[in-house]
Each structure stands twice: as C-alpha cells, then as structure tokens.
**Q** 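Attaching a single structure in structure tokens format; questions to follow.
Below, chains carry the letters A, B, ... as their sequence lines are ordered, and counting in each starts from 1. On a predicted model such as this, the values are computed, not experimentally measured, just so you know.
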Number of protein chains: 2
Amino acid sequence: MARKGGTRERVYEYVRKRILEGTPPTVREVQRELGFRAVQSAQEHLDALVASGRLEKVGRVSRGYRLPGSNGTASFVPLLGSVQAGELSEAIENLDAYVAVDHDFGDRRGFALRVRGDSMIDAGILPGDIVIVCEQPDAENGEVVVALVDDEATVKRLRVRNGRVELHPENRSYPVIVPAGPLRILGRVVEVRRYLESDIRPT
Amino acid sequence: MARKGGTRERVYEYVRKRILEGTPPTVREVQRELGFRAVQSAQEHLDALVASGRLEKVGRVSRGYRLPGSNGTASFVPLLGSVQAGELSEAIENLDAYVAVDHDFGDRRGFALRVRGDSMIDAGILPGDIVIVCEQPDAENGEVVVALVDDEATVKRLRVRNGRVELHPENRSYPVIVPAGPLRILGRVVEVRRYLESDIRPT
DNA sequence: GAGTATACCCGACATATGTCTGATTTAATA
DNA sequence: TATTAAATCAGACATATGTCGGGTATACTC
C-alpha cells in the first residue's frame, strides 16, 4: 500500500478520531501526538484545516474543534417503551435510555419508540423494531406516522382517501383504521432500526 | 433523599445534556449555568454525582465528565456503498460518510454497508437498508452475516448443515448458496437501519 | 447546647489552554 | 543566486480550568 499522506492529513485523522471518540483534542494534545516541538505548528495545521472547511471550531474555548456538517454531530433522542394517552412530554421525562441519531430535527423534537405487534411487517417493520420519530402534529399522505389510537401509540401508514384520513397497516391480516373523531398524530417516522443482539439493544 | 427538581438533579440534567451534545461542560460552566457564586459548589455536586455513579470522569483534564456505561458514548462507523473483492480496509479508506452507532465493537472494528437486492426481504431487510456490521472472520449458525460471494459482499443468514456452511437468503425466490471453496466472511450484522427520508439519508 | 451533615460561599494556586509575535528552516521558483 | 511561500520552532501572555483550604448558614440528631 502507498505510504500515508503528509502531516496535514495526519493531523486531520487524529483530530477526527478524537472527536469521534467524544473528546476533541486540545491544541497541545495535537502537538504532542504529532511530535511538534512548538504549539504553533499544531495550531497552524488546525487553522488550515478550519480554513479549508474540513474542521470547524467554536470560539476560544478548549477542545472546541468539531466535524463540519450534520455528520459528526450525533445527538440522542429518548427511547419510549410505549406511549399511553396523555402528554408526550410526560412520557419523555425520566427516561435514561437514549439512542444515537446522526441527523437533527430542526425546530422539532425527536424521540424513539419500540414497535409492538406485526401490523407493519410488510413494510419491513418487525415487532421489537425501534422507530425514530420526528414529533409533529400532522403528516402527508403516504408517510409512516405514530398516532394515538385507543389511547395507545401505534405505527401505521397515513392515507388520505376521499378527504378522510385513514391509518393503513402493512399486513393483510389487519384492518384499515378509520378514526371516528379527529386523529391525534404524535409524529412522523423518519428511521427504522433493528438490533439483532440483545447486549447492544437499548433497555 | 434527593428531591425531584433539586439542585443536584439540575446539575445532572445539564451535564448530561452537554455531554449528549458532544461537549462536556467545565466546572465553571456548570457553576454559571446553575447560578452558583462559587466554583466549589458546582465541583461538589459533580463529585457527588461521580461518587454515586451517575457520572464518570477522566483524570485532571478539562471537560472530563462522561456518562457511565457504553450508552452515551456514540461512535461513528464508515459507510461502504458496496464492497468488491480485496481488502476490506482498503474499501474503508477515503470514506467521508459515517453513521452514528451507540455501542462499541470491543476489540473489533465496525462498518456499515448499504444492502443491495431483496434477498433478505422476509427478514425485514429491504433494498437500500443499511446494516451495521461487526468485522469478524467467522460466525455462528443462524446469524446474519456479510460474506464475499463472487467477489461481492452480500448479506445472508449463515446456516451450518451436515458440517457444511450455507448462506440462506430470506426470500423464497432465491436459492440457497452453498460455497464451493472456503467462505470469506467479512462480519456479522448487528443492526439494521432504514432511513425513510432522502434528506437524512447518509450519502 | 454540642455535634454533625449538607449546601453554599470566598479566595487562591498550579497548571492547562488558546493565542500572539517573531525567528529559523526548507523547498520550490524566477 | 535571490525571492517567496510554506512549514516548523521559540518564547511568551492572558485567560481558562481543576483543585484545594477554609469559612458561613441551616437543619437535624444526640
């Protein structure tokens, strides 16, 4: 294999590795890692990486280097085992299970929900799967949503037919749900996850 | 003892929030956030939280507070669009798409792979899904693996029958693969993901 | 009341850390 | 050769930061 790139590249690799590990390095840690005898050498490489857009930094604070873009800035959303009626914010309180997501929800909040039942199995959503949900009060036709049906959160595909909102399961064994009154939508499913090993599954 | 809404709890909430955002706070940042007039007040709360096991800290370094356990320490694994023959490590080089995972792979490395084809559709793995893989050279009977078949990476369920290794698709339209020679296993699938929106999908 | 524990405060020290000014080396170029 | 730009080094400064010793007030226990 060809020899690894120059010093600039090694600085970038090290900083990225540290950021990914959760602790961005200080300037002097970069200096020591790369074997520089002057702080300034590390500083200039970092400045150059920031100038070229490969790194970002926040003000004059320690360990202030980040990876640009939405990537690299992982956030966590609370995992709800099940959502009964009532306020969603109450269900989110006092949770200590979180799952990492690598995109943000803009102004809205996000949460995760464990799927019960096999009503969406034809859409590749199996019992026990975890859906990442963007909290919002309405949704478009065809989107997979989390809605409150009989005081319990359920995952279904939303269809608008003849001006009426319907919740379609993706399993021929289940009937289409036509809400009598107004439908309470908790959010829109943006991601589906399945953990195949018990020891890495969130509690 | 610790009453709900107490100062101790507010300190914990703030520190956790900051850690999840990627930048653990300094002692003085905690002080300012909570309105303490003395650094020591924040320090003592932090010490207490560490003593009770709700926080962890690394040495005398700045921003050294962590959330205990594997949870909270998100890492990133490289996303491979496809894996052809040859060394996996080469395919991992020069990737700038990463996905966040909230568990670690121990001594092993992890990577992500975009699934092609619908051969695992009955296992709820659809075309375009992303599998998180723990890199390892072998696997147990019944595990979903990534293996090299005809110089291309493929996702199948591994079965051992009569002492012979077989790769089983989960789709009746596809035949069982019985490797002629030794089977090259790239890793074991530990997680399946599906992004339902194009704008949050990793490149 | 004496003792004790908790929570908060004050002031301080040694080191860590971001940043700056200027010099030296190195390599490519006119 | 002289010039120029990049990379590295040297030394320093102001502030940030972890840590420490000791103080005050309140509540509770004996």
**Q** Less than 4.0 angstrom between a side-chain N/O of A/Ser62 and OP1 or OP2 of D/dT17, yes or no?
**A** yes
**Q** In whole angstroms, how far is the P atom of D/dT15 from the CD atom of B/Glu29?
**A** 18 Å
**Q** Quick check: on DNA chain D, is the nucleotide nearest B/Glu44 upstream (toward 5') of the one nearest B/Tyr65, or the reverse? Name the residue that is more 5'.
**A**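 Its nearest nucleotide lies further toward 5', so the answer is B/Tyr65.
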**Q** Round to the nearest Å and state the distance from A/Gln43 atom CD to D/dA7 atom C1'.
**A**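 Interatomic distance, CD of A/Gln43 to C1' of D/dA7: 15 Å.
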**Q** May I ask you to evaluate whether A/Arg63 reaches the phosphate of C/dT17, defined as a side-chain N or O under 4.0 Å from OP1 or OP2?
**A** yes
**Q** Nearest whole Å is fine: how far is C/dA16 C1' from A/Arg60 CZ?
**A**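 One finds 16 Å between C1' of C/dA16 and CZ of A/Arg60, rounded.
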**Q** Determine whether a donor-acceptor pair (one donor, one acceptor, N or O, separation below 3.5 Å) exists between the side chain of B/Gln40 and the base of C/dC8.
**A**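 Per atom types, no contact qualifies.
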**Q** Using OP1 and OP2 only, check whether a side-chain N or O of B/Thr7 sits under 4.0 Å from C/dC8.
**A**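 For C/dC8, OP1/OP2 do have a side-chain N/O of B/Thr7 under 4.0 Å.
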**Q** Under 3.5 Å, is there a donor-acceptor pair linking the side chains of B/Tyr14 and B/Arg10?
**A** no
**Q** Would you say the side chains of B/Asp129 and B/Tyr195 form a donor-acceptor pair under 3.5 Å?
**A** no
**Q** Ignoring hydrogens and geometry beyond distance, is a side-chain donor-acceptor pair present between B/Thr23 and A/Arg66 at under 3.5 Å?
**A**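 Short answer, yes.
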**Q** Taking any heavy-atom pair under 4.0 Å as a contact, classify B/Thr26: base, sugar-phosphate, or nothing.
**A** sugar-phosphate
**Q** Under 3.5 Å, is there a donor-acceptor pair between the A/His168 and A/Glu170 side chains?
**A**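 Looking only at side-chain atoms, A/Glu170 and A/His168 do not form any donor-acceptor pair under 3.5 Å.
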**Q** What integer distance in Å separates A/Leu46:CG from D/dA7:C1'?
**A**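 Rounded to the whole Å, the gap is 14 Å.
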**Q** Scan A/Ser41 against the nucleic acid and name what it touches under 4.0 Å (heavy atoms): base, sugar-phosphate only, or nothing.
**A**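 The residue A/Ser41 makes base contact.
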**Q** Heavy-atom nearest nucleotide on DNA chain D for A/His45 versus A/Val39: which residue maps closer to 5'?
**A**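 Looking at the nearest nucleotide for each, A/His45 comes out on the 5' side.
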**Q** What is the distance, rounded to the nearest whole Å, between atom CD of B/Gln31 and atom P of D/dT17?
**A**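 Atom CD in B/Gln31 sits about 11 Å away from atom P in D/dT17.
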**Q** Quick one: label B/Arg28 by what it contacts on the DNA or RNA (base, sugar-phosphate, nothing), any heavy atom closer than 4.0 Å.
**A**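 The answer is base, as B/Arg28 lies within the cut-off (heavy atoms under 4.0 Å) of a base atom.
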**Q** To the nearest Å, how far apart are A/Phe36 CZ and C/dT25 P?
**A** 18 Å
**Q** Would you indicate which nucleotide in C/dG18, D/dC9, D/dG18 comes nearest to any side-chain atom of A/Lys57?
**A**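 Closest of the options to the side chain of A/Lys57: C/dG18.
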**Q** In whole angstrom, give the distance that lies between atom CG of A/Leu34 and atom P of D/dA7.
**A**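 Interatomic distance, CG of A/Leu34 to P of D/dA7: 13 Å.
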**Q** Report the C-alpha separation of A/Arg184 and A/Leu186 in whole Å, then their side-chain angles, then the decisive distance to 0.1 Å, and conclude whether the side chain to side chain contact (heavy atoms under 4.5 Å, CB included) test is met.
**A** CA-CA 6 Å; A/Arg184 171 86 186 283; A/Leu186 297 181; 3.8 Å; yes
